[in-house]
Each structure stands twice: as C-alpha cells, then as structure tokens.
**Q** 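Quick one: structure below, then a few questions.
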Amino acid sequence: MSTRHAALCGGPLALLLAGTPAALAQTSITLDELSVEGEASPAKGRDATAPFGVAAPPGSAPSVIEHPVGEIVTSIGRTNTIADRPATSIGAVLANSPGVTVRQGNGGRDVIISIRGNNARSTGVIKNTVVLEDGFILTQPDGAARFDLTDPRAYSRIDVFRGPQSPLFGNYATGGAIAFRTRTGREIDGYEIGVDAGSFGYLSNYFTVGGVSGPFEISLFASDVRANGYQDHASYDTQTINLLASYTPTPDNRFTLKVINSTLDTNLPARASLAQYRINPYQRGCAATASAAPGCATFNLFSNGAFGATVPVTADEGGFGRNDRRTIVAARWEHDLDAFTTWRTQLGFDERNFNQPFYTTSSRGSYPSWNFLTDVTRRGDLFGLPATGYVALAYNTIDNHITTFNRAPYSGPRLGALIGDQGAVQSNLGGRARLELALSDQWTGIVGLSAEGTAITGRNLAFSYAASGTARSFADVDRSFLNVAPELALVYRPDEAWALRGRVATGYTTPAASNLFITPAGLPGNNTQLQTQQNVGFDLGAEWSPVETLRLSVTGFYEFFRNELVSQSPGAGLLAYTFNAPASEHRGLEVGAEWAFAPGWRGVLAYTFDDQIYTRYTEQLSAGSLTRRFDRAGNQIPGVPAHQLLARLGYDVPSGPLAGLGGFVETVVQGDFYLDNANLLKAPGYAVVNANVHYATELTGGYAKRLSVYLEVRNVFDTTYVASAQNLANTISGTTGLQNNAATLATTTGSVFAGAPRNIVGGMRLAF
C-alpha cells in the first residue's frame with residue numbers, strides 16, 4: 001500500500017507496537033486528504049514514500065508530517081513558483097497558499113510570513129509558526145525564524161500547515177507550520193547553473209549539484225544574490241549554502257546530514273510615516289538631512305550618543321543596516337525496527353549571529369541553540385483497523401546574549417552608549433503523540449496530544465544617562481510554563497471525488513526572553529509579566545476533485561485566543577514591545593483552486609478572508625501626569641488585512657514545435673488594515689499584476705541536457721503600494737488626556753515600507 005493512499009494513523013504506542021500487521025496486509029483503504037493547492041508531483045524515478053532525501057525501502061514508515069490526515073495543508077511545488085520564474089524571495093512562493101500573508105521585512109530579500117494573520121504584527125522575525133527543512137526544525141527555541149536567509153531555488157516543495165499545530169509541532173505553532181523540502185540528489189541527477197538579472201541592479205548566480213552513488217546520496221545548493229534596491233540606501237548581498245546528504249549502509253538504517261550557512265549584508269532604508277509615504281514612497285533624495293527631498297524620514301540620535309540634544313539623520317547618514325549570519329548543522333539516524341515501524345533520532349546545532357545598527361538603537365547578539373528530537377512511527381493495525389501511530393520526545397535550548405546601544409550620528413553605523421545588556425537561557429522539553437485510525441472505508445479519526453514545559457532564566461541590565469551621571473537598573477526573569485495541546489479531527493471520504501473534514505485543535509506560544517525585556521516605552525527594561533498565548537481553533541472544510549484537471553478546497557475557521565501576544569511600535573525608532581490581549585477571536589474562510597480547463601490552460605486561485613477582533617482588552621495610555629484607559633473590545637486587531645488573493649491564469653503549449661513555451665498573468669491583492677488598536681488609521685490595500693513568459697527545452701547532441709529561460713514583468717501597471725506597515729501605539733495628549741487622532745498617527749515615523757515599482761527580471765538555467 002503506497003504512502004499516498006496509506007491506511008491511516010496509529011495509536012497509543014504500546015497497543016500499536018503490540019499489534020500485528022496482518023490486517024494491514026489484508027486491507028487497502030484510500031483515506032488520505034486531497035492535496036488541492038499546487039501540490040508538487042514526486043520527481044521522476046523517486047519513491048514517493050521515501051523520507052527526506054533518502055533511498056528508503058518502500059515498506060518503511062514515512063514521517064508523520066509527510067501526509068498528515070486531518071490537517072489543513074497546502075503543498076506548493078516548483079511550477080509557476082520557482083522553476084520557470086525569477087524566485088527573488090520566498091514570499092512570492094508562499095503567496096500561492098491560502099491563509100498566507102506576505103509583508104516586506106527589514107532587508108531586500110527579507111519577508112514576514114503569517115498564516116491566518118498570526119504573524120502579521122511581527123516586526124522582523126517569523127513568530128507563531130514552526131519552520132522545518134527536510135524534517136529538521138529551523139525555528140529556534142525562542143520561537144524565531146527568518147526567511148531572508150532562505151533561497152527559494154533550493155526547494156522542490158513547500159508544505160504550509162494552517163491553523164493551531166502544537167499537538168504535532170509543539171511550542172510556537174499557534175498559527176501553523178511551514179515545511180521546506182530541498183531538492184534531493186536523485187531529483188537533480190547532475191548539476192545546474194543559473195543566473196537571473198533585472199531592474200535595480202538585481203543579480204542572482206546559483207549552482208546546484210546532486211546525484212546518487214551506491215548507498216550515498218547528496219545535493220548541494222549555493223547562491224550569491226545582490227541588488228541595489230528600489231529605495232535609497234537599500235542595497236544588499238547574501239550568500240547561501242545548503243547541503244543535504246544521506247548514507248544508507250543497510251536497508252533498515254539511514255543517516256542524513258543537513259548543513260545550511262547563509263550570510264546577509266544589507267543597507268536598510270528608513271521606514272516612513274504614512275504621511276511621508278504619500279509624499280515620497282521610495283525615500284529617494286534622502287542622502288542628507290540638510291538637502292533631503294520632501295517626505296524623507298529622519299531619526300533623532302543623541303549628539304553625544306547618550307543623552308541631551310539630538311540630531312536628525314537619514315538612513316544614509318546613520319548607516320542603517322544589518323549584518324547577519326545563520327549556521328545550521330544537523331544529523332538524523334533512521335532505523336526500521338521492522339517493515340512497519342521506524343525510529344528516528346536527530347540532533348541539530350543552530351546559531352543566529354547578528355549586528356543590526358538601524359534607527360535609534362543598535363543590537364548585537366549571538367543566539368546558539370541545540371535541538372533534539374526522537375520519535376517512533378508505526379504503520380500497523382489497532383483493534384483490527386489500519387492505523388498509524390506516532391510518539392515523539394523533543395528538547396531544545398538556546399543561550400542568547402544581546403547588547404543594545406544608542407546610535408551616534410554621522411560617520412556611518414557609529415555606536416553610542418550601551419543601554420541594554422541581556423543574557424538568557426530558554427529550554428523547552430515536551431512529548432507528543434498522534435493516532436490516525438481508519439474507522440471504515442470512508443471515515444478516519446485522528447487524535448493528538450502534546451505537553452511541553454518551558455523555562456526561561458536571565459537578566460537584563462538597562463542603562464540611562466544624564467548630565468548627573470549614569471543610572472543602572474536590572475530585571476531578572478525566572479519563569480516556567482507548562483502547556484498542553486490536544487487535537488481531534490474526523491475525515492469523511494464518501495467517494496474518490498470528495499473529502500470532508502472537521503478539526504478542533506489547540507496551540508500555544510510562550511513569550512521569548514527578548515519579549516520580556518522591552519518596555520512599553522520601547523526601551524530595554526522589565527516586561528516579565530507576559531503570559532503564554534493560547535488558542536483553540538475549529539476548522540470545517542471540504543475538498544472536491546471530480547476529475548484530475550479540477551481541484552477545489554474550502555475551509556472555514558474560527559479560533560479563540562487567550563493572552564494573544566501582540567507587538568507594536570511605541571514611536572519612531574524605538575524598539576517594538578509585546579503585550580497580552582486577554583481575549584480575541586480570529587475567524588475566516590480559505591479557498592484554493594486549480595483548474596486545467598483546456599489543453600495547456602491552467603487557472604490557480606488562493607483566497608483568504610480573515611476577520612480578527614479583540615473581545616476583551618483594555619489599553620492603558622499615559623502622557624505626562626495623565627493616565628487613561630480605553631476599552632478596545634470589538635475593535636479590529638491591527639496589522640491583518642481582511643482579504644488576501646492570488647489569482648493566476650497561464651498557458652503552456654502542450655505539443656508541437658513550440659512545446660515548452662508558456663506564460664501566465666497573475667494578480668496579488670491585499671485589503672487594507674488598521675495600524676492601531678483604536679482603529680483610527682488604515683494602511684491602504686493594493687492590487688499588483690505580474691506577467692511571465694518562459695521556455696524550456698531538452699537539448700540533444702551536446703553536454704547540456706536542458707535549457708530554461710524566463711522573463712517576468714512585475715507590478716506591470718507600476719502601482720505604488722504599502723508592502724509593509726508596522727503597528728503603531730495610540731497616544732493621548734499630556735494636557736487634555738484625550739486620545740490623539742488619526743492625523744497624529746499618520747505622521748509617526750518608523751512604520752511603512754513601499755512595495756517595488758515596475759521591474760523586469762529575466763534569467764536562464766542550464767542542466768547538465
């Protein structure tokens with residue numbers, strides 16, 4: 001029985017391991033979900049049941065995250081996302097999934113990805129989402145991941161898990177999970193070289209090599225990407241190396257090695273106020289404050305780097321930028337205990353190193369971490385019913401140290417006085433179990449559970465300066481959290497065309513140490529009272545595929561949050577801080593469709609409606625000697641657009657002398673959203689149109705095997721739009737106590753990045 005139509009899922013480990021495989025040998029039930037939104041087909045010659053990049057025997061138990069029944073998962077392949085277009089960032093790829101919102105981050109290739117809006121308020125890193133690659137966890141133990149160090153060219157498939165996923169992935173999975181699959185050696189089977197070039201100095205050179213030799217399989221990807229950027233002071237360059245290697249000494253033992261190293265050096269333009277964006281969206285003519293064009297954003301730095309008089313500087317004058325490095329080395333041993341049971345153990349080292357002198361402060365830090373996971377997957381029978389069982393034990397820990405300095409004006413990224421010195425250790429220890437049970441030919445039940453303890457210990461030293469001297473304060477944290485997350489799901493397959501699914505699941509996200517030491521004033525200090533964010537989500541969905549050329553998926557969701565962690569900026573250049581909103585609700589609808597309605601023609605749709613409101617939250621604002629409280633219940637949660645759409649129509653010549661030639665037109669639409677808790681100010685929505693033409697052909701009589709060329713015009717109509725806008729804190733008047741109006745918010749610097757204007761990118765790839 002193939003994995004794609006595997007009998008579904010296991011149970012309590014003791015019962016399942018004690019069961020015999022007899023029922024499995026006698027019963028074949030097709031119960032897995034339809035993967036309806038851009039699923040990649042297995043590579044030619046590859047066993048679809050094989051774990052990540054390994055020549056596993058067909059009988060071994062696949063990883064539970066390969067085709068988890070009952071989950072809401074979008075599988076995104078290479079067609080129209082990576083293989084035949086310039087994939088300049090991972091955001092353009094993930095936009096193909098319903099439920100995903102993409103925002104511009106702090107850097108040319110940096111994007112902020114949110115699933116169902118759960119990370120839309122992030123200020124630079126991926127939160128509330130667990131990120132994996134080839135089965136290895138890339139989310140650090142403090143819940144942070146980044147995507148500007150990710151080159152889309154390396155991947156063959158990306159799976160987006162939507163909704164609460166803590167029963168399967170543990171801490172930080174309140175929004176979902178994203179699982180990357182790099183191209184394996186047998187998929188590549190040779191080597192490829194490619195180059196993309198385009199507007200604003202964009203240049204990407206990349207190389208891929210892979211193959212299989214006896215028990216060894218290896219794939220290696222390397223790239224160098226750089227650009228001048230479409231805004232002033234926005235140039236960047238980044239280098240990425242990604243290795244996946246495996247060794248199979250015996251049919252029941254497999255060893256996998258994963259190595260990633262990526263470096264980033266980028267200048268950062270200034271985030272403008274909404275008013276400045278309307279005047280000068282791309283922050284051009286902003287080299288110097290004295291000669292700056294209208295609408296240039298400036299930030300006030302202490303003249304002496306410590307206190308007193310300030311000097312306004314532009315991004316150029318302040319030398320705003322980031323210099324980051326990420327290094328991951330991980331290994332896994334897989335052992336088949338028998339033809340139906342696989343035991344996996346993996347250990348990974350992950351270090352995030354950064355130097356980020358931008359806006360009014362500069363942060364330097366090193367975050368080394370370790371991640372250990374051991375699990376057992378069993379395909380067999382339970383009480384005479386086909387089942388798959390999964391149990392796992394996970395431990396990870398991070399030891400972080402970060403120093404924060406004031407910025408000093410002029411002479412590039414000059415440091416001022418030290419204002420924060422933070423050291424903390426965070427550890428997570430937990431267990432997870434999952435049972436997928438084929439109750440009949442048509443019904444499958446799923447039950448899952450995770451329990452996890454988190455401990456955070458650390459200290460933050462904060463320094464403030466005045467003419468009278470230096471004041472020092474400290475905040476200690478010694479917090480522990482215990483979280484439990486159950487899951488129940490039921491899938492009904494009345495026939496091959498339909499799959500109906502109901503699911504209730506829970507998630508949890510503990511605050512990270514960095515959240516605990518930034519005050520509402522946007523400065524290092526004490527914020528140690530934060531609680532765990534928890535949510536329970538209800539999903540009801542259907543998949544319909546009456547013929548191979550049509551696939552449709554519709555999912556409605558309703559999620560109840562308690563102590564939702566919300567981040568916002570307290571003002572221009574200050575550090576974003578995090579608070580708990582006591583109660584909130586997220587509800588919406590996700591639609592995905594793919595229809596090959598005529599030979600060569602294909603339409604793709606990914607749509608999300610997402611409505612998020614506070615149901616219990618009173619915000620306290622202070623100015624001078626006045627303090628006021630405002631009831632935000634019923635208000636929209638800022639940062640989340642109600643509507644998100646990707647629609648694509650393409651044609652590829654199916655046969656004849658022009659076979660291999662194709663093209664498509666797509667539009668990406670995002671609705672407007674509020675920037676503040678009082679719902680006074682909105683960032684405008686937008687619609688951007690992209691057009692692509694591509695050609696691929698097999699080569700004969702030479703050394704090269706295949707040629708691919710492509711050209712893409714992005715933002716065809718040169719639309720000016722907001723690609724990113726950080727949430728803004730509401731304020732009150734220090735004299736009247738009245739809440740300041742939308743005009744005040746609109747002039748608050750440090751929020752908006754404009755999206756790229758019309759640009760052209762083309763490229764070619766040769767396979768040998």
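Quick caveat, the model's predicted, so the values are computed rather than measured.
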**Q** Is the closest side-chain donor-acceptor distance between Gln726 and Ser751 under 3.5 Å?
**A**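 On atom types as modelled, these side chains do not qualify, holding no pair under 3.5 Å.
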**Q** Run the side-chain hydrogen bond (donor to acceptor under 3.5 Å, both in side chains) test on Gln612 and Glu559 for me, step by step, so that the C-alpha distance in whole Å, both residues' side-chain angles and the decisive distance to 0.1 Å come before the verdict.
**A** CA-CA 9 Å; Gln612 301 191 6; Glu559 299 176 4; over 6 Å; no
**Q** Between Arg326 and Asp324, is there a side-chain N and carboxylate O pair less than 4.0 Å apart?
**A**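 Salt bridge flag = no for Asp324 with Arg326.
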**Q** Would a distance-only check, ignoring hydrogens and angles, find a side-chain to backbone donor-acceptor pair under 3.5 Å from Gln422 to His401?
**A** no
**Q** Report the residues that fulfil ring pair (Phe, Tyr, Trp, His ring centres under 6.0 Å) with Phe349, sequence neighbours left out, ordered by chain and then residue number.
**A** Trp370
**Q** Under the salt bridge (Lys or Arg N to Asp or Glu O under 4.0 Å) rule, collect the residues that match up with Lys127, sequence neighbours excluded.
**A** none
**Q** With the side chain counted from C-beta on, respond yes when Asp375 and Tyr390 share a heavy-atom pair under 4.5 Å apart, and no when they do not.
**A**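 Yes, side chains in contact.
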**Q** Do Asn242 and Leu220 have side chains that get closer than 4.5 Å, going by heavy atoms?
**A**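 A side-chain contact is absent here, since even the closest heavy-atom pair is not under 4.5 Å.
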**Q** Answer whether the closest heavy-atom distance between the side chains of Phe517 and Thr528 falls below 4.5 Å.
**A** yes
**Q** Checking Asp421 against Thr403: is there a side-chain donor and acceptor pair closer than 3.5 Å?
**A** no
**Q** What heavy-atom pair brings Gly507 and Pro164 nearest, and what distance separates the two atoms?
**A**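 Taking every non-hydrogen atom into account, N-CB, 3.8 Å.
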**Q** In Å and rounded to the nearest 0.5 Å, what is the OG1 to CG distance from Thr81 to Asn96?
**A**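 Interatomic distance, Thr81 OG1 to Asn96 CG, rounded to 0.5 Å: 6.0 Å.
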**Q** Do Asn106 and Gln356 meet the criterion of a side-chain donor-acceptor pair at a distance under 3.5 Å?
**A** no
**Q** Determine which pairs satisfy ring-ring contact (aromatic ring centres under 6.0 Å, His included) with at least one residue from residues 104-139, sequence neighbours left out, and list them in order.
**A** none
**Q** With sequence neighbours excluded, what pairs up with Tyr465 under the ring pair (Phe, Tyr, Trp, His ring centres under 6.0 Å) test?
**A**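 Checked Tyr465 against ring pair (Phe, Tyr, Trp, His ring centres under 6.0 Å); zero matches.
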**Q** Quick check on the 6.0 Å ring-centre criterion: do Phe161 and Phe169 meet it?
**A** yes
**Q** Under a 3.5 Å threshold, yes or no: a donor from one side chain and an acceptor from the other, between Asn171 and Thr510?
**A** yes
**Q** Check ring pair (Phe, Tyr, Trp, His ring centres under 6.0 Å) between Tyr155 and all other residues, then give those that pass, not counting sequence neighbours.
**A** Phe180
**Q** Are the side chains of Asn300 and Thr360 in contact, using a 4.5 Å heavy-atom criterion?
**A** no
**Q** With a cut-off of 6.0 Å (strictly less than), are more than 12 heavy atoms of other residues, nucleotides or ligands near CD1 of Ile241?
**A**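 No - once you tally the heavy atoms of other residues, nucleotides and ligands closer than 6.0 Å, there are 12 at most.
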**Q** Between Glu351 and Thr327, do the side chains contain an N or O donor and an N or O acceptor separated by less than 3.5 Å?
**A**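 Judged by distance alone, the side chains do not pair up.
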**Q** Checking Thr314 against Asp316: is there a side-chain donor and acceptor pair closer than 3.5 Å?
**A**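 Asp316 vs Thr314: no donor-acceptor pair found between side chains.
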**Q** For Tyr367, does the six-membered ring have the charged nitrogen or CZ of Arg325 within the cation-pi criterion, i.e. under 6.0 angstrom from the centroid and within 45° of the normal?
**A** no
**Q** Is any side-chain heavy atom of Leu243 closer than 4.5 Å to one of Ile218?
**A**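 Ile218 vs Leu243: side chains touch.
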**Q** In chain order, what residues pass the salt bridge (Lys or Arg N to Asp or Glu O under 4.0 Å) check against Arg146, with sequence neighbours excluded?
**A**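 Arg146: salt bridge (Lys or Arg N to Asp or Glu O under 4.0 Å) contacts with Asp110, Asp148.
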**Q** Tell me, with the steps shown, if Glu564 and Arg562 meet salt bridge (charged side-chain N to carboxylate O under 4.0 Å, His left out).
**A** CA-CA 5 Å; Glu564 183 171 5; Arg562 186 175 65 174; over 6 Å; no
**Q** Check Ala512 against Ile456 and note the closest heavy-atom contact, atom names and distance.
**A**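 The pair with the smallest heavy-atom distance is C-CD1, 4.4 Å.
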**Q** Rounded to the nearest 0.5 Å, how far apart are CD of Gln346 and CG of Leu373?
**A**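 Reported to 0.5 Å precision, the distance equals 5.0 Å.
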**Q** Side chains of Arg162 and Thr74: donor-acceptor distance under 3.5 Å anywhere?
**A** yes
**Q** When you measure from the side chain of Arg459 to the backbone of Val477, do you find a donor-acceptor pair of N or O atoms at a distance under 3.5 Å?
**A**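 Not a single qualifying donor-acceptor pair exists.
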**Q** Start with the C-alpha gap between Ser223 and Asp151, add the side-chain angles, then the distance that decides, and say whether side-chain hydrogen bond (donor to acceptor under 3.5 Å, both in side chains) holds.
**A** CA-CA 8 Å; Ser223 69; Asp151 195 313; 2.7 Å; yes
**Q** With Leu138, which of Ile126, Leu132, Ile328 fulfils side chain to side chain contact (heavy atoms under 4.5 Å, CB included)?
**A** Ile328
**Q** A side-chain contact here means heavy atoms from C-beta on lying under 4.5 Å apart; do Asn119 and Ile112 qualify?
**A**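 A side-chain contact exists here, since the closest heavy-atom pair is under 4.5 Å.
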**Q** Compare every heavy atom of Thr397 with every heavy atom of Tyr395, then report the nearest pair and how far apart it is.
**A** OH-CB, 3.6 Å
**Q** Kindly write out the residues that satisfy side chain to side chain contact (heavy atoms under 4.5 Å, CB included) with Asn396, not counting sequence neighbours, or none if the list is empty.
**A** Pro141, Asn371, Asn428
**Q** Got a sec, which residues hit salt bridge (Lys or Arg N to Asp or Glu O under 4.0 Å) with Glu487, two or more places apart in sequence or on another chain?
**A**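 By the salt bridge (Lys or Arg N to Asp or Glu O under 4.0 Å) rule, Glu487 matches Arg434, Arg503.
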**Q** Please report the closest heavy-atom contact between Val640 and Ala120, naming both atoms and the distance.
**A** CG2-CB, 4.1 Å
**Q** One thing to verify: whether Asp159 and Arg181 come together as a salt bridge, which I'm taking to mean a side-chain N less than 4.0 angstrom from a carboxylate O.
**A** yes
**Q** What are the two closest heavy atoms between Ser89 and Val111, and how far apart are they?
**A**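 So the two residues come closest at OG-CG1, 3.9 Å.
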**Q** Of all the heavy-atom pairs spanning Ala315 and Leu268, show the shortest one and how long it is.
**A** CB-O, 3.5 Å
**Q** Restricting to side chain to side chain contact (heavy atoms under 4.5 Å, CB included), what partner residues turn up for Val536, sequence neighbours left out?
**A**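 Side chain to side chain contact (heavy atoms under 4.5 Å, CB included) list for Val536, sorted by chain: Val504, Thr506, Phe538, Phe560.
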**Q** Could Arg352 and Asp350 be called an ion pair, given the rule that one side-chain N must be under 4.0 Å from one carboxylate O?
**A** no
**Q** Do Gln534 and Asn563 come close enough that some side-chain heavy atom pair is under 4.5 Å?
**A**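 In short, these two side chains do not touch, never coming nearer than 4.5 Å.
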**Q** How far does CG of Asn460 sit from CD1 of Ile402, to the nearest 0.5 angstrom?
**A** 9.0 Å
**Q** Any luck finding a side-chain donor-acceptor pair between Ser369 and Gln140 under 3.5 Å?
**A** yes
**Q** Which residues pass the side chain to side chain contact (heavy atoms under 4.5 Å, CB included) test with Thr509, not counting sequence neighbours?
**A**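 Partners of Thr509 under the side chain to side chain contact (heavy atoms under 4.5 Å, CB included) test: Asn128, Tyr172, Thr174, Gln533, Leu565.
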**Q** Looking only at the aromatic ring of each residue, does the gap between the centers of Phe320 and Tyr359 stay below 6.0 angstrom?
**A**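 For Tyr359 and Phe320, the ring centres are under 6.0 Å apart.
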**Q** Please examine the side chains of Arg322 and Leu264, heavy atoms only from C-beta on, and report whether any two atoms are closer than 4.5 Å.
**A** yes
**Q** If you round to the nearest 0.5 Å, how far is CG of Asp134 from OG1 of Thr256?
**A**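 Output value for this atom pair is 8.5 Å.
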**Q** Looking only at side chains, do Ser724 and Arg271 share a donor and an acceptor under 3.5 Å apart?
**A** yes
**Q** Can you name the residues that form a side chain to side chain contact (heavy atoms under 4.5 Å, CB included) with Thr374, not counting sequence neighbours?
**A**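 Thr374 satisfies side chain to side chain contact (heavy atoms under 4.5 Å, CB included) with Trp343, Thr345, Phe372, Leu393 only.
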**Q** Quick one: ring pair (Phe, Tyr, Trp, His ring centres under 6.0 Å) partners of Phe753, sequence neighbours excluded?
**A**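 In terms of ring pair (Phe, Tyr, Trp, His ring centres under 6.0 Å), with neighbours along the sequence ignored, Phe753 is linked to no residue.
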**Q** Has Tyr247 got a side-chain atom pairing as donor or acceptor with Leu257's backbone, closer than 3.5 angstrom?
**A** no
**Q** Once rounded to the nearest 0.5 Å, what's the spacing between atom CG of Leu203 and atom CG of Asp224?
**A** 7.5 Å
